[in-house]
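Hydrogens, waters and symmetry mates play no part in the numbers below; they use all other heavy atoms, side chains included. Residue numbers start from 1 in every chain, and the chains themselves are labelled A, B, ... in the order their sequence lines are given, proteins ahead of strands. Quick caveat, the model's predicted, so the values are computed rather than measured.
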Amino acid sequence: MIVAKGLSKVYGEFRAVDGIDFEVHRGESFGILGPNGAGKSTTMKMIAAVSKRTDGELTILGKDPNLKGPEIRAHLGVVPQKDLLDRELKAWENLYIYGRYFGLSKKFLKPKVEEMLAFAQLEEKRNSKVEEMSGGMQRRLAIARGLINEPEILLLDEPTTGLDPQARHVLWDRLFRLKENGVTTVITTHYMDEAEQLCDRLVVMDKGKIMAEGTPAGLIKDYSSKEVLEVRFGTDRNEATAPQLATIAERIEVLPDRILVYVEDGDAALEKIHALGLRPVTSLVRRSSLEDVFLRLTGRSLVD
Amino acid sequence: MITSIATSMAVRIAEKRAGKFGSGVYSGRAGQLVERNFLAFKSSNWLVVISGFVEPVFYLLAFGLGIGKLIGGVTDGSGHTVSYAQYIVPALLATSAMNGAIYDSTWNVFFKMHFGKIYQAMLATSLGSLDVALGEIGWALLRGLTYSIGFMLVVAPMGLIPSWWGLLAIPGATLIAFGFASVGMGMTSFMKNFHQMDWINFFMLPMFLFSGTFYPISVFPEWIQWIIRALPLNQAVELIRGLTLGNLNLAMAGHALYFVVMIAAGLFFTTKRLTALFMS
């Protein structure tokens, strides 16, 4: 549904997006994972046909956004990072008028607004103004608004940034429902748990480039070991202990506060560490995550 | 709940429009902006709205009936003598059309752009920049028009509109409000902070006082008169005054043309600026 080849966006000297290739297929949930400033939002704006590409090719449903902007935007549902709700209007008015911007009739919108209020679990807030709603409610309203034109592709830019854990889970539940209904979604995020939860397939982006592409499980398999043993020896001793640890694992990462030991069997590795006569202050065995993939690819953490 | 196989209605609407001239910036839905503003307006501060309506009435009472008693008559452009109140009514009408239009197209637009950020959300739909420009300007024009009709309803029964040509002052005021709203939004779309917005007020008050509103500009030296004639409010005052006093002349076509140019320039720059800000 979306095809990008060598897609670039340059602001002056700054290459925000630097020649990326990807494809999004019908019905899938496609993720763009990367830290702040990786070029995720810029990519999203180009897909949303509100930002013109500097170079490369981009087609959305077979159409070029530079030439067919309004048509493509009619196909899309957009949930921007900062919601951009109309703060002078009530909840239901936000949904209604957004539908009107697409040229939809009042007759069509009347039941549609009710359906969307129900989907967003905001029926009781229909007459509330935006500032009277919590952050989670505002985000749900923004998603409902993005769905008002029955889009084929829903674009979500950092959907849960700034929300508390409970609001995040409510939101994820709503997004799962959309997925079950076969809506194609494109999600940008810098949360690896979100990417693992919501995305069928994703690209890892850094500094305007795509570093890797695959399913969450596939990426972990390709770029990390099965398990990770996290050990702490105390801030001043981590560095000194590293050479010894390197002998028992294929790869280790020394972070300021801890050492990550990449192995197939975490518990066995911990025993070997004890056998070496080392006594970590704390230790933790966990499964590899996309965070580890990102660390491997860029040498940096996702959230810093 | 989501149609993925059948084409959605929004897409069909957009496709119908596609390929027509200007479809990249205009979808023919400026009216939706007016509808949005009406929804927001229903719950807004009515006091502000009413103040804009009574302002010219206060000026009329203070100057027209107060000072007018001391002055007696004024000679209008074509040599007739009219009462002072009759002389300043068209100027106040033009001013209220201007003020109504400027209020919505400058400060309100500035807030929507920088704090409400509603244009960004609008332009993510199949609306275009010209829809937003026309819609906002249209709304601002409506306020200017409402003020001038309200003012007419007050002054006409008082016998302050001596000519039947004065009826044309309403479409005249519409043209004036359109021109000011268009240029107002055009300038506002380029402004980045409050400091720059203050320049609008700085410019508006002297223009109101010296544009032939309260006395003929013939009191000024020749070169100042030419500067004043170039200002939009003097153009507006001359146009409306010619109509309410029934002194029609060819110069009025020039005044009208002045506003047509303002409308076109304002729309052009607003559309260009919105496109550059939110769609490039």
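Around atom OH of A/Tyr11, more than 12 heavy atoms belonging to other residues, nucleotides or ligands sit under 6.0 Å away. More than 12 heavy atoms of other shown residues, nucleotides or ligands fall within 6.0 angstrom of atom CZ in A/Phe176. Atom CZ of B/Phe38 has 12 or fewer heavy atoms from other residues, nucleotides or ligands within 6.0 Å. The number of heavy-atom neighbours closer than 6.0 Å to NZ of A/Lys179, taken from other residues, nucleotides and ligands shown, is above 12. Other residues, nucleotides and ligands contribute only 12 or fewer heavy atoms inside 6.0 Å of the CZ atom of B/Phe269. Around the CD atom of A/Glu124, the shell of radius 6.0 Å holds no more than 12 heavy atoms that belong to other residues, nucleotides or ligands. A 6.0 Å sphere centred on CZ of A/Arg177 holds no more than 12 heavy atoms belonging to other residues, nucleotides or ligands.
Of the two parts of B/Thr275, neither the backbone nor the side chain holds a non-hydrogen atom closer than 4.5 Å to a non-hydrogen atom of chain A. Proximity to chain A (any heavy atom under 4.5 Å) is shown, for B/Ser27, by neither the backbone nor the side chain. Using a 4.5 Å cut-off between heavy atoms, A/Lys9 touches chain B through its side chain atoms alone. Looking at A/Lys45, neither its backbone nor its side chain comes within 4.5 Å of chain B, counting heavy atoms on both sides. Residue contact with chain A, scored on non-hydrogen atoms closer than 4.5 Å, involves the side chain of B/Ile13 exclusively. For A/Arg53, no part lies near chain B; criterion is any non-hydrogen pair under 4.5 Å. For A/Ile97, the part sitting under 4.5 Å from any heavy atom of chain B is the side chain, from C-beta outward, and nothing else. A/Leu85 touches chain B through its backbone: at least one of N, CA, C or O sits under 4.5 Å from a heavy atom, while the side chain does not.
The main-chain N or O of B/Ala40 is never found under 3.5 Å from a side-chain atom of A/Glu88 such that the two would form a donor-acceptor pair. Between the B/Arg29 side chain and the A/Tyr101 main chain, a donor and an acceptor come within less than 3.5 Å of each other. For the pair A/Arg73 (side chain) and B/Leu127 (backbone), a donor-acceptor distance under 3.5 Å is present.
If you tally non-hydrogen atom pairs under 4.5 Å between each of A/Arg100, A/Lys129, A/Lys90 and chain B, the highest count goes to A/Arg100. Your options are A/Lys52, A/His75, A/Lys82, and the one with the most heavy-atom pairs under 4.5 Å with chain B is A/His75. Your options are A/Arg87, A/Arg145, A/Glu93, and the one with the most heavy-atom pairs under 4.5 Å with chain B is A/Glu93. Of all the listed residues (B/Ala14, B/Gly24, B/Ala18, B/Ala124), the one sharing the greatest number of non-hydrogen pairs under 4.5 Å with chain A is B/Ala124.
Between atom CG of residue A/Asn94 and atom CZ of residue B/Arg36 there is a gap of 9.0 Å, rounded to the nearest 0.5 Å. The OG atom of B/Ser126 lies 12.0 Å from the CD1 atom of A/Ile72; values are rounded to the nearest 0.5 Å.
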| query | For A/Lys63 and B/Glu15, what are the C-alpha separation, side-chain angles and deciding distance, and is it a salt bridge (charged side-chain N to carboxylate O under 4.0 Å, His left out)? | reply | CA-CA 12 Å; A/Lys63 293 170 182 168; B/Glu15 277 174 351; 3.1 Å; yes
| said: For a side-chain contact (heavy atoms from CB on, under 4.5 Å) check, start with the C-alpha distance between A/Tyr98 and B/Gln32, then their side-chain angles and the critical distance, and finish with the verdict. | reply: CA-CA 9 Å; A/Tyr98 204 73; B/Gln32 264 78 335; over 6 Å; no
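Contact record, A/Ala74 with B/Ser8: O-OG, 4.4 Å, taken as the closest heavy-atom pair. The two residues B/Ser23 and A/Pro70 have their closest heavy-atom pair at O-CG, 3.3 Å. Across every non-hydrogen atom of B/Ala121 and A/Leu84, the tightest pair is CB-O, 3.5 Å.
Side-chain contact between A/Tyr96 and B/Leu39: present, with at least one pair of heavy atoms (C-beta onward) separated by less than 4.5 Å.
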